[in-house]
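Reviewing the structure listed below.
These numbers come from the heavy atoms of this one structure, side chains and all, not from hydrogens, waters or symmetry mates. Note that the structure is predicted; figures quoted are calculated from it, not measured. Throughout, residue positions are numbered sequentially from 1 according to the sequence presented. We count ligands from 1, going down the list as the structure has it; atoms in each ligand are counted the same way.
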Amino acid sequence: MGKSPLTFDIMAGAKKKRKADVIPTALVIGAGIAGMQASLDIADKGFRVILVEREPTIGGHMAQLDKTFPTLDCSSCILTPKMVEVGNHPNIELMTFAEVIDIRGEVGNFHITIRKKPRYVDLRACTACGLCAEACVQRERIPNEFDMGIGMRSAVYIPFPQAVPQAYVIDPDSCLMVAKGKCGKEPKCRKACSANAIDFTQKEETVTVRAGVIVVATGYDQFDPKLKPEYGYAKYENVLSGIEFERLCSASGPTQGKIQPNGKEPKRVVFIQCVGSRDKTVGNEYCSRVCCMYTAKQAHLVRERIPDAKITICYMDIRAFGKGYEEFYDRVQRENILFRRGNPSEIYKRGMSLVVRGEDTLLGEPYEEEADLVVLATGLVPRKDAGNIAKVLGLSHTPDGFFEEARTEETIATSRAGIFLAGCCQGPKDISDTVAQASGAASLSCIQLAKGSS
Ligand SMILES: Cc1cc2nc3c(=O)[nH]c(=O)nc-3n(C[C@H](O)[C@H](O)[C@H](O)COP(=O)(O)OP(=O)(O)OC[C@H]3O[C@@H](n4cnc5c(N)ncnc54)[C@H](O)[C@@H]3O)c2cc1C
């Protein structure tokens, strides 16, 4: 059957559709391991990358970890060289202390508005000597967020020694000069800085950039253990979250790697799995995928550093699905660590000790176990502000709150052409899966950018 004249007209019209040039730049939002990996892969292919990170340094959660399962590699030994590479790469423009506030346009030509917060320190002039922090009148008085409040910092600070960019930043909420317009006769930090890097005249700035594709790599938040009040988190100082325990173990952390909450070495340590994961009472039905293994790793670190400690892991079931995970779990089991099936119902205090109470579902009997330290395997949840980013980007989320992929078998693309996902913003995952997905997002980005027109 021949085609009608109308069909020919429509086809000719479609052929005539103007092709627009693709801006050969990728915008990457979030500079944890996912955003860094995606940026490096795209930049190494010769495309320009604008990497936007809202914190004063790049690195994300991986920078807070001590060792990584299942190999027990030192986290910062893997991460620091990548951070330096990102900071020095000629094709990567790094914007820290910045956030994307608006996106218009479409694949090939996105117009992005970015808000840059004032750092009150000139990035190019700062030599990271630290004299400003020593001189600060708020010296070591402010809880350090990077150390989860276990360590202290000044109002002018560097989040951690390997931070990139290697520059100090002033916290506007605790700096008297920024918050109250006055800090003695003259701010002591400015006087101490021979490089003249302190600059209280800096103001918030808004910049507009263009990019052909966008990679979203905004990561996760730790589940707030206060939502499980039965575990006494924030009530008892020796009940810690997973990331707090990582900072306690870290050689560059607030205790130089000594596992000594409140300055005392614990001899009885209990780990509790699935805190905020697989738990309908807090609305999280999903498994956070990393907690079984990071608890095994943390229990191993206790055994290594406190050989005579009594260590118990309370679990629902053990999920050791990744390469080398089952072998690692076997190894930890052989380190004289008791695995008790059944998550506790309550933690309370008796004298100086914590008491963990629950039911052992293998033995079918209730138990009470005394502890000096309890570590909660806090799960991974969507970022608190994930809804705002989703709105700005025009993305949707799955019922668990993580960003929605295009299809279940295609976890990188989104429903919006030219916007890709990488890392835990799409769902909980370990570092190796995060890196693999980030490289995938970079690859799909490069295919789009290499087209030249769309
Ligand atoms: C206690 C604990 C221990 C763990 N141990 C291990 C381990 O041993 N081995 C392992 O494989 N995995 C481990 N994990 C998992 C590991 O942390 C993650 O796989 C990894 O950090 C995910 O990286 P990411 O880049 O996706 O997210 P993140 O590390 O969360 O990075 C996201 C980045 O995006 C930035 N960001 C967020 N929102 C915005 C925004 N709106 N604009 C700009 N920037 C934004 C954030 O500031 C951050 O820098 C552990 C997790 C926990 C909780």
Side-chain angles (χ1 to χ4, degrees), residues 27-39 51-75 78-79 82-83 95-101 114-117 145-146 148 159 164 215-223 240-250 271 275-277 288-298 300-301 322-325 328 375-393 402-403 421-438 441:
L27 171 80
V28 178
I29 310 175
I33 182 65
M36 290 197 298
Q37 185 66 45
S39 299
L51 175 55
V52 176
E53 165 59 51
R54 79 161 158 218
E55 296 297 328
T57 174
I58 61 175
H61 284 106
M62 191 174 165
Q64 293 178 296
L65 307 182
D66 177 35
K67 301 266 176 2
T68 57
F69 65 73
T71 48
L72 295 175
D73 285 321
C74 148
S75 187
I78 306 168
L79 194 70
K82 265 196 205 290
M83 290 169 61
M95 291 190 195
T96 48
F97 228 25
E99 270 182 87
V100 171
I101 53 169
I114 299 166
R115 188 191 291 137
K116 292 167 85 178
K117 287 183 265 178
E145 302 80 356
F146 182 77
M148 305 301 289
V164 170
V215 176
V216 186
T218 48
Y220 67 92
D221 278 338
Q222 178 184 233
F223 172 76
L240 300 182
S241 74
I243 298 187
E244 284 169 345
F245 190 73
E246 291 286 334
R247 296 313 301 145
L248 210 58
C249 290
S250 169
F271 291 88
V275 178
S277 314
S288 287
R289 295 170 56 104
V290 292
C291 319
C292 287
M293 296 313 293
Y294 85 58
T295 297
K297 167 189 77 176
Q298 293 178 342
H300 165 84
L301 295 178
K323 187 168 180 175
Y325 288 11
F328 182 66
V375 183
L376 306 176
T378 31
L380 278 53
V381 296
R383 288 270 176 198
K384 266 193 286 301
D385 63 347
N388 298 345
I389 307 163
K391 209 163 147 196
V392 168
L393 295 168
F402 292 98
F403 293 138
L421 302 174
C424 289
C425 67
Q426 182 261 335
K429 50 182 71 66
D430 57 25
I431 292 164
S432 50
D433 283 356
T434 296
V435 169
Q437 194 183 26

**Prompt:** With respect to atom 39 (C) of ligand 1, which of T218, T71, L79 exhibits the smallest heavy-atom separation?
**Reply:** T218
**Asked** Do V290 and F69 touch side chain to side chain, with heavy atoms closer than 4.5 Å?
**Response** yes
**Prompt:** When only distance counts, is R383 in polar contact with ligand 1, meaning an N/O pair under 3.5 Å?
**Reply:** yes
**Fill in**
Residues F223 and V275: closest non-hydrogen pair is CD2-O, 3.4 Å
**Message:** Please classify the K297 to ligand 1 contact at 4.0 Å (heavy-atom distances, strictly less than): side chain, backbone, both or neither.
**Reply:** side chain
**Message:** Check R115 with E99, please: is the shortest side-chain N to carboxylate O separation under 4.0 Å?
**Reply:** no
**Those residues that, when tested against F328, pass ring-ring contact (aromatic ring centres under 6.0 Å, His included) (two or more places apart)** = none
**Request:** Report the nearest protein non-hydrogen atom to atom 33 (C) of ligand 1: residue, atom name, distance rounded to 0.1 Å.
**Result:** G32 N, 3.5 Å
**Request:** Please state which part of S75 comes within less than 4.0 Å of ligand 1, counting heavy atoms only: side chain, backbone, both or neither.
**Result:** neither
**Request:** Counting heavy atoms only, name the option from D73, V290, T378 that's nearest to atom 15 (C) of ligand 1.
**Result:** V290
**Item:** For G60, atoms of ligand 1 separated by under 4.0 Å from a heavy atom
**Value:** 29 (O), 31 (O), 48 (C), 49 (O)
**Request:** Please state which part of I389 comes within less than 4.0 Å of ligand 1, counting heavy atoms only: side chain, backbone, both or neither.
**Result:** side chain
**Prompt:** Do any nitrogen or oxygen atoms of I33 come within less than 3.5 Å of a nitrogen or oxygen of ligand 1?
**Reply:** yes
**Message:** Any heavy-atom pair between the side chains of L240 and L248 that's under 4.5 Å?
**Reply:** yes
**Request:** Write out the residue and atom name of the closest protein heavy atom to atom 49 (O) of ligand 1, then the distance separating them to 0.1 Å.
**Result:** E53 OE1, 2.7 Å
**Prompt:** When you measure from atom 34 (O) of ligand 1 to every protein heavy atom, which one gives the shortest distance, and what is it?
**Reply:** G30 CA, 3.3 Å
**Request:** With side-chain contact (heavy atoms from CB on, under 4.5 Å) as the test, would you mind laying out the steps for T68 and I431 before giving the verdict?
**Result:** CA-CA 9 Å; T68 57; I431 292 164; 3.7 Å; yes
Please tabulate, for the side chains in residues 421-429, all donor-acceptor contacts under 3.5 angstrom to protein atoms that are two or more places apart in sequence or on a different chain.
residue: Q426; atom: OE1; partner: K429; partner atom: NZ; Å: 2.8
residue: Q426; atom: OE1; partner: Q437; partner atom: NE2; Å: 3.2
residue: Q426; atom: NE2; partner: E405; partner atom: OE1; Å: 2.6
residue: K429; atom: NZ; partner: G423; partner atom: O; Å: 2.9
residue: K429; atom: NZ; partner: G427; partner atom: O; Å: 2.9
residue: K429; atom: NZ; partner: Q437; partner atom: OE1; Å: 3.3

**Request:** Could you find the nearest protein heavy atom to atom 29 (O) of ligand 1 and give me its residue, atom name and distance?
**Result:** H61 N, 2.8 Å
**Request:** For I58 and A31, work out which heavy atoms get closest and say how close.
**Result:** CG2-CB, 3.4 Å
**Request:** Using a strict cut-off of 4.0 Å, indicate which atoms of ligand 1 neighbour a heavy atom of G242.
**Result:** 1 (C)
**Heavy-atom pair of closest approach, residues L301 and C249** = CD1-SG, 4.1 Å
**Request:** Quick one: closest heavy-atom pair of M36 and L79, and the distance?
**Result:** CE-CD1, 3.3 Å
**Message:** Show the atoms of ligand 1 that are less than 4.0 angstrom away from any heavy atom in A217.
**Reply:** 32 (C), 33 (C), 34 (O)
**Message:** Within the 4.0 Å heavy-atom shell around T434, which atoms of ligand 1 are there?
**Reply:** 19 (O), 22 (C), 23 (O), 26 (O)
**Request:** For residues Q222 and V381, determine if any side-chain heavy atom of one lies less than 4.5 Å from a side-chain heavy atom of the other.
**Result:** no
**Request:** Could you list which atoms of ligand 1 come closer than 4.0 Å to a heavy atom of G423?
**Result:** 26 (O)
**Item:** For atom 44 (N) of ligand 1, closest protein heavy-atom neighbour
**Value:** R54 N, 3.2 Å
**Item:** For atom 17 (O) of ligand 1, closest protein heavy-atom neighbour
**Value:** Y220 OH, 2.8 Å
**Item:** For atom 6 (C) of ligand 1, closest protein heavy-atom neighbour
**Value:** F69 CE2, 3.4 Å
**Asked** Where do D385 and K391 land on the salt bridge (charged side-chain N to carboxylate O under 4.0 Å, His left out) test, with the steps shown first?
**Response** CA-CA 10 Å; D385 63 347; K391 209 163 147 196; over 6 Å; no
**Prompt:** side chain to side chain donor-acceptor pair (under 3.5 Å) between D430 and Y294: does it pass, once the steps are laid out?
**Reply:** CA-CA 10 Å; D430 57 25; Y294 85 58; over 6 Å; no
**Item:** Electrostatic pair K117-E55, nearest N-O below 4.0 angstrom
**Value:** no
**Asked** Is the closest N or O pair between G59 and ligand 1 shorter than 3.5 Å?
**Response** no
**Message:** Less than 4.5 Å apart, side chain to side chain, heavy atoms only: is that true for I78 and M62?
**Reply:** yes
**Asked** If you measure from each non-hydrogen atom of F245 to ligand 1, which part falls under 4.0 Å: side chain, backbone, both or neither?
**Response** neither
**Prompt:** Given that the side chain starts at C-beta and the backbone is N, CA, C, O, which of these parts of L65 lies under 4.0 Å from ligand 1, counting heavy atoms, or is it both or neither?
**Reply:** side chain
**Message:** I need the nearest protein heavy-atom contact for atom 11 (O) of ligand 1: residue, atom name and distance, please.
**Reply:** I431 N, 2.8 Å
**Asked** What atoms of ligand 1 come closer than 4.0 angstrom to any heavy atom of A34?
**Response** 25 (O), 26 (O)
**Asked** K67 near ligand 1, heavy-atom distance under 4.0 Å?
**Response** yes
**Request:** Could you check which of G379, G219, C424 puts a non-hydrogen atom nearest to atom 27 (O) of ligand 1?
**Result:** G219
**Prompt:** Relative to ligand 1, is I29 under 4.0 angstrom through side chain, backbone, both or neither, heavy atoms considered?
**Reply:** side chain
**Message:** Please find the pair of heavy atoms, one from Q64 and one from R247, that lie closest to each other, and give the distance.
**Reply:** O-NH1, 3.1 Å
**Asked** Between L380 and S288, what is the shortest heavy-atom contact and its length?
**Response** N-OG, 2.9 Å
**Asked** Side chain or backbone of Y294 under 4.0 Å from ligand 1, or both, or neither, by non-hydrogen atoms?
**Response** side chain
**Asked** Which is it for T68 and ligand 1 at heavy atoms under 4.0 Å: side chain, backbone, both or neither?
**Response** both
**Request:** Run the contact test for E55 against ligand 1 with a 4.0 Å cut-off on heavy atoms, strictly below, and give the result.
**Result:** yes
**Request:** Could you tell me which atoms of ligand 1, counted from 1 in the order shown, lie closer than 4.0 angstrom to a heavy atom of V52?
**Result:** 43 (C), 44 (N)
**Asked** Between E53 and T96, is any side-chain donor less than 3.5 angstrom from a side-chain acceptor?
**Response** no
